[in-house]
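Okay, so here's the structure we're looking at.
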Amino acid sequence: MTTKTDLIKRLKDKSATIAILGLGYVGLPLAVVFGEAGFNVTGVDPDKRKVDALKEGRSYIPDVPTEAVAKLVKSGKLVATTDFSVLKNMDAVSICVPTPLRQTGDPDMSFIISAMDELNKYMHKGMVVVLESTTYPGTTRELLLPKLGNEHGLTIGEDWFLAFSPERVDPGREDYTTINTPKVMGGITQACGEVATVWYEGAIKTIHKVSTAEAAEMAKLLENTFRMINIGMVNELAIMCERLDVDVWEVIDAAATKPFGFMKFTPGPGLGGHCIPIDPLYLSWKMKSLNYNARFIELASEINTNMPRYVVSRLMESMNDLGKTIKGSNILVLGAAYKPDIDDVRESPSLDVIGLLQKKGADVKYHDPYIPHIHHEHDGWHMDSVMDMMKAVKEADAVLIVTNHKMYNYTEIIAAAKFVFDTRNATGKLGAFANVERL
């Protein structure tokens with residue numbers, strides 16, 4: 001029996017041992033899905049706090065119920081450890097580590113490299129490795145393939161198998177989760193794609209196999225570049241509508257009545273999250289190495305990046321019309337998460353908005369029911385969410401809605417506030433108010 005045939009057999013009957021490297025927003029849901037499908041899963045993460053929580057049967061990811069984790073841990077289907085040496089006994093490994101951008105705008109590959117270096121110590125014949133971390137086209141072939149295979153004398157597609165399958169996690173979403181969101185799979189060779197597809201088909205409903213790892217890497221970047229550019233377009237539309245004295249939200253709602261050829265995007269105070277603000281810039285960076293300027297990406301990034309500054313300038317103008325200045329004013333920011341009803345603050349525009357307001361001399365407070373504490377590593381400030389939100393609303397010279405959480409009672413907020421600036425149209429359906437201005 002060949003290595004490939006034997007591995008496929010064990011993946012199909014779920015006797016193959018599975019490891020997930022990185023137990024964050026991507027890795028933990030994936031580990032749970034594989035465990036619930038019947039695989040024996042070992043989660044590996046250097047963060048002892050995550051490992052300890054899982055050992056106790058507790059989930060720290062809102063989208064993953066503690067009950068599901070507890071059940072898997074109790075049955076032995078999910079084990080967590082900080083010890084990478086367990087990889088020597090694994091048949092299949094999925095790498096789900098962060099891929100942020102550096103302050104200079106180039107990809108930070110340190111997490112992938114660290115995971116790869118640990119895995120490299122324990123590589124063996126008969127192993128399939130899938131990279132899920134979003135990255136630039138060519139990473140799987142140029143970075144992982146030489147390190148994991150060649151140094152061990154393993155022949156790719158025969159002795160071991162390597163593929164890329166981009167994560168598609170959307171925190172807070174309930175209709176599409178890890179198990180029913182289609183997964184793209186691209187192997188370094190056809191055999192690699194076949195083995196990796198068999199593995200993932202054992203737990204995930206739909207696998208879309210593409211011809212190469214590069215095609216899978218590029219597909220992920222296309223998904224998020226599409227969103228980034230369209231958000232950039234409506235953000236610029238908001239700026240144009242303000243100068244034309246036209247309600248941008250009314251314009252978008254009107255255009256959205258067209259049943260074909262239009263997809264609704266909405267403006268806001270900037271981009272946030274683990275994908276849209278970052279992933280397209282991986283592609284832009286890669287293209288620079290090929291002497292090509294990705295103009296759409298660069299333009300959209302410029303517009304989106306400047307939205308926090310635009311919001312602050314609009315707030316300054318509005319307060320000036322009310323006879324107040326930003327300097328010395330009490331500003332309450334509602335919402336710190338990058339989107340509604342989640343506890344994820346990664347790349348949230350609220351951080352930039354708060355920082356800019358502070359630099360203008362404002363006394364800034366914030367409230368978020370999901371995020372009790374925030375900090376800005378680059379600027380060095382930190383802040384706790386106010387305990388009594390309505391008291392803070394009444395005391396504030398201006399309330400700035402940055403994240404439109406559903407739990408907020410906007411009618412009560414408007415009634416209690418001196419002035420509200422709404423960047424998300426959270427108050428739009430309530431009608432017009434003298435003390436409310438919208439982006």
Side-chain angles (χ1 to χ4, degrees), residues 1-22 26-27 30-31 34 37 39-44 81 83-97 99 109 111-135 137-167 183-204 207 209-217:
M1 187 178 290
T2 66
T3 301
K4 174 187 168 186
T5 304
D6 179 58
L7 181 55
I8 286 177
K9 177 180 179 297
R10 286 184 288 115
L11 289 168
K12 284 185 173 180
D13 66 24
K14 298 180 181 176
S15 63
T17 51
I18 307 299
I20 307 295
L21 302 189
V26 176
L30 187 66
F34 278 129
F39 287 100
N40 291 314
V41 182
T42 299
V44 187
T81 181
D83 183 4
F84 284 84
S85 69
V86 297
L87 295 173
K88 64 187 176 186
N89 299 316
M90 296 297 139
D91 300 305
V93 178
S94 181
I95 300 174
C96 304
V97 297
T99 48
M109 304 299 291
F111 293 97
I112 290 181
I113 292 170
S114 177
M116 179 181 67
D117 287 344
E118 290 292 343
L119 175 58
N120 187 47
K121 298 174 185 176
Y122 308 104
M123 280 296 298
H124 57 77
K125 189 175 180 178
M127 183 180 278
V128 54
V129 177
V130 173
L131 176 63
E132 290 224 5
S133 307
T134 305
T135 185
T139 300
T140 310
R141 190 179 304 273
E142 297 165 9
L143 192 63
L144 274 67
L145 176 60
K147 185 75 173 179
L148 299 179
N150 297 351
E151 290 188 9
H152 297 272
L154 300 174
T155 302
I156 188 69
E158 296 180 12
D159 298 327
W160 76 295
F161 309 89
L162 177 63
F164 181 81
S165 181
E167 58 87 5
K183 289 281 288 177
V184 174
M185 183 69 71
I188 290 295
T189 68
Q190 286 299 107
C192 291
E194 181 184 350
V195 172
T197 297
V198 168
W199 170 21
Y200 273 56
E201 280 178 338
I204 294 171
I207 307 298
K209 189 168 170 284
V210 294
S211 60
T212 63
E214 288 82 1
E217 290 164 337

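Values below: all heavy atoms of this structure, side chains included; hydrogens, waters and symmetry mates excluded. Bear in mind the structure is a predicted one, so any value in this text is a computation, not a measurement.
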- Reported OG1-to-CG distance for the pair T42 and L21, which is rounded to 0.5 angstrom: 10.5 Å
- Note on the structure: All heavy atoms of V210 vs all of A216, minimum pair found to be CG2-N, 3.8 Å
- Message: Between T5 and K9, is the side-chain contact (heavy atoms from CB on, under 4.5 Å) condition met? List the steps.
- Response: CA-CA 6 Å; T5 304; K9 177 180 179 297; 5.7 Å; no
- Message: Applying side-chain hydrogen bond (donor to acceptor under 3.5 Å, both in side chains) as the test, list every pair that has at least one member in residues 190-200; sequence neighbours left out.
- Response: K4-E194, S94-Y200, E132-Y200
- Query: Does a donor on one side chain and an acceptor on the other come within less than 3.5 Å for T81 and D83?
  - Reply: no
- After noting the C-alpha distance and the side-chain angles of L162 and I156, does the key distance pass the side-chain contact (heavy atoms from CB on, under 4.5 Å) rule? CA-CA 7 Å; L162 177 63; I156 188 69; 3.8 Å; yes
- Query: What's the shortest heavy-atom distance between A163 and C192, and which atoms?
  - Reply: CB-O, 4.5 Å
- Side-chain heavy-atom pair W160, V195 within 4.5 angstrom cut-off: no
- Query: Which atom pair, heavy atoms only, marks the closest approach of M90 to H124?
  - Reply: O-NE2, 2.7 Å
- If we only count heavy atoms from C-beta on, is the E158 to T3 side-chain gap below 4.5 Å? no
- Note on the structure: Sequence neighbours excluded, the answer for salt bridge (Lys or Arg N to Asp or Glu O under 4.0 Å) partners of K88 is none
- Task: Compare all side-chain heavy atoms of D117 with those of K147 and state whether any distance is below 4.5 angstrom.
- Result: yes
- Item | From CG (D13) to CZ (F39), nearest 0.5 Å | 9.0 Å
- Side chains of T140 and E217: is there a donor and an acceptor less than 3.5 Å apart? yes
- Task: Could you tell me the separation between the CD1 atom of I113 and the CG atom of L143, rounded to the nearest 0.5 Å?
- Result: 5.5 Å
- Shortest non-hydrogen pair, S133 vs I112, comes out as CB-CD1, 4.0 Å
- Task: Working to the nearest 0.5 Å, report the span between OG1 of T135 and CG of L144.
- Result: 9.0 Å
- Query: What closest approach, in Å, do A92 and L11 show between heavy atoms, and which atom pair accounts for it?
  - Reply: CB-CD2, 4.4 Å
- Message: Ignoring hydrogens, what is the shortest heavy-atom contact between K14 and A37? Give both atom names and the distance.
- Response: NZ-O, 2.7 Å
- Item | Separation of L30 CG from I20 CD1 (nearest 0.5 Å) | 4.5 Å
- Message: Name the residue from L148, D159, L119 that meets the side chain to side chain contact (heavy atoms under 4.5 Å, CB included) definition with M127.
- Response: L119
- Query: Would a distance-only check, ignoring hydrogens and angles, find a side-chain to backbone donor-acceptor pair under 3.5 Å from H152 to N120?
  - Reply: yes
- Message: Let me confirm one number: the CD1-CG distance from I18 to D91, rounded to the nearest 0.5 Å.
- Response: 7.0 Å
